[in-house]
*Asks:* 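The structure that follows is given in the form of structure tokens.
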Amino acid sequence: MAQKERIKLEIDVLKALMLAFLTAIFGIFGYCVLNYSRIDWIQAIFIALGITASFIVLYALTKRIYKILKQIEELE
């Protein structure tokens, strides 16, 4: 497999992971909106941790894609 194909495949995988984490973030927000009155402090802490972890992973994936795109520019 050529290096360009491998890089493009890696970008596709990272895009799919980004979509999954964005879906998770919107799912958490949807759960919070629907169950706003029934969320206790422990659930609120876990929700905040989940959103924070999702944003951290999303940020890391975005940085990785940006780095890969720089590699592609250097190859061409």
*Asks:* CD1/Ile39 to CG/Leu34 distance, rounded to the nearest 0.5 angstrom?
*Replies:*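 Between Ile39 CD1 and Leu34 CG, I get 9.5 Å after rounding to 0.5 Å.
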*Asks:* Any chain of hydrophobic side-chain contacts (each under 4.5 Å) joining Ile45 to Ile51?
*Replies:*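 They do not share one cluster, since no chain of ILVMFWY contacts under 4.5 Å joins Ile45 to Ile51.
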*Asks:* Do Gln43 and Asn35 come within less than 4.5 Å of each other through their side chains, counting heavy atoms only?
*Replies:*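 Answer no - side chains too far apart.
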*Asks:* Would you say the side chain of Lys70 lies within less than 4.5 Å of the side chain of Glu73, judging by non-hydrogen atoms?
*Replies:*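 Answer yes - side chains close enough.
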*Asks:* State yes or no: do Tyr31 and Leu22 share one hydrophobic cluster built from I, L, V, M, F, W and Y residues joined by side-chain heavy-atom distances below 4.5 Å, directly or via other members?
*Replies:*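 Same cluster.
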*Asks:* Salt bridge check: are Arg6 and Glu10 linked by an N-O gap of less than 4.0 Å?
*Replies:*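 So Arg6 pairs with Glu10 through a salt bridge.
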*Asks:* Taking a hydrophobic cluster as the set of Ile, Leu, Val, Met, Phe, Trp and Tyr residues connected by side-chain heavy atoms closer than 4.5 Å, whether directly or through intermediates, do Phe26 and Phe21 fall within one such cluster?
*Replies:*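 Not linked; separate clusters.
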*Asks:* Could you check whether any side-chain heavy atom of Asp12 comes within less than 4.5 Å of a side-chain heavy atom of Lys15, counting everything from C-beta outward?
*Replies:*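 Answer yes - side chains close enough.
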*Asks:* For atom CG of Leu49, is the number of surrounding heavy atoms from other residues, nucleotides or ligands below 6.0 Å larger than 12?
*Replies:*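 Yes, CG of Leu49 has more than 12 neighbouring heavy atoms, counting only those of other groups under 6.0 Å.
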*Asks:* To the nearest 0.5 Å, what is the distance between CG on Leu61 and CG on Leu19?
*Replies:*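 Answer rounded to 0.5 Å: 11.5 Å.
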*Asks:* To check you understand the geometry: which heavy-atom pair defines the closest contact between Leu14 and Arg64, and what is its length?
*Replies:*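 Closest approach of Leu14 to Arg64: CD1-CG, 3.5 Å.
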*Asks:* Which atom names give the shortest non-hydrogen contact between Met18 and Leu58, and what distance separates them?
*Replies:*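 That closest heavy-atom pairing would be O-CD1, 3.8 Å.
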*Asks:* Are Tyr66 and Ile56 connected in the hydrophobic side-chain network, where two residues link if heavy atoms are under 4.5 Å apart?
*Replies:*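 No; tracing contacts between hydrophobic side chains, which count when under 4.5 Å, never links both residues.
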*Asks:* Check for me, please, whether Ile28 and Val33 land in the same ILVMFWY cluster - side-chain distances under 4.5 Å, paths through other members count.
*Replies:*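 Ile28 and Val33: separate clusters.
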*Asks:* A side-chain contact here means heavy atoms from C-beta on lying under 4.5 Å apart; do Leu69 and Ile11 qualify?
*Replies:*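 Sidechains of Ile11 and Leu69: in contact.
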*Asks:* Do you know which two heavy atoms are closest between Ser54 and Ile25, and how far apart they sit?
*Replies:*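 Looking at all heavy atoms of both residues, the shortest contact is CB-CG1, 3.5 Å.
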